[in-house]
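Below you'll find the structure, written out as C-alpha cells, and then a few comments.
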Amino acid sequence: MAAKLDYRWHLRRIMADRGMFSTTDLLKPLAERDIQLSSSQVYRLVVDRPERLSLKILMALLDILDCTMDDLIEPVSAAGTGAKPRKAAAGGAGAESIGSLRPKRARITAVDQ
C-alpha cells in the first residue's frame, strides 16, 4: 500500500526571512504580476495551508520571494498513519485519581436552640 502524504506550507516563514511581516506586503507584488487578491484572501493564503492553489499564484509567490518550490512546500507523511492513543472512558482506569480530587459533599443539619 502506498504511503499517505501531506505537506507543510512555509509561506509565513519565508516571508519573515525576506523582511515581510505583514500579509498585506504581498498585495502590491501580486498586483504587479496581474494577480488581484483581496487582503482577506492573501491573509488566508499566508496563515492557512491552501488546499487548492492556482499555479499562476504559486509561480508569482516563488518569483516574489525568490525561493524554490521545495522551500515553500515540504512533503511529509500523513499524520493519520500512526496508531492513535486510546482515551479512557468515563469511569475507566483514570476514574480513581479524579474521584480522589473531588470535594466531599457538605451536610447541613438543623441546630437545636
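All values below were derived from every heavy atom in this structure, side-chain atoms included, with hydrogens, water molecules and symmetry-related copies excluded.
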Evaluation steps, side chain to side chain contact (heavy atoms under 4.5 Å, CB included), between Leu62 and Thr68: CA-CA 6 Å; Leu62 296 177; Thr68 65; 5.8 Å; no
Pairwise distance CG(Leu30) to CG(Asp63) - rounded to 0.5 angstrom: 10.5 Å
ILVMFWY cluster, Tyr43 and Met15 together (side-chain gap under 4.5 Å): no
Test side chain to side chain contact (heavy atoms under 4.5 Å, CB included) applied to His10 and Asp71, step by step: CA-CA 7 Å; His10 296 293; Asp71 297 333; over 6 Å; no
Spacing of Glu74 atom CD and Asp6 atom CG [to the nearest 0.5 Å]: 10.5 Å
Non-hydrogen atoms of Arg33 and Ala60 that approach each other most closely: CD-CB, 3.9 Å
Main-chain N/O of Tyr7 paired with Arg49 side-chain donor or acceptor, under 3.5 Å: yes
Worked check of side chain to side chain contact (heavy atoms under 4.5 Å, CB included) between Leu26 and Leu37: CA-CA 10 Å; Leu26 281 177; Leu37 295 176; over 6 Å; no
Same apolar cluster: Ile73 and Leu5, side chain cutoff 4.5 Å: no
Straight-line distance of Met20 CE to Arg12 CZ, nearest 0.5 Å: 13.5 Å
Hydrophobic cluster membership, Leu55 vs Trp9, 4.5 Å side-chain cutoff: yes
Connected via hydrophobic side-chain network under 4.5 Å: Val47 and Leu58: no
Side chain proximity check, Leu61 to Ile14, heavy atoms < 4.5 angstrom: no
Note, Leu65 side chain near Asp17 side chain (heavy atom, < 4.5 Å): no
hydrophobic_cluster_shared for Met69 and Ile64, side chain cutoff 4.5 Å: yes
Other residues, nucleotides, ligands: >12 heavy atoms within 6.0 Å of Arg13 CZ: yes
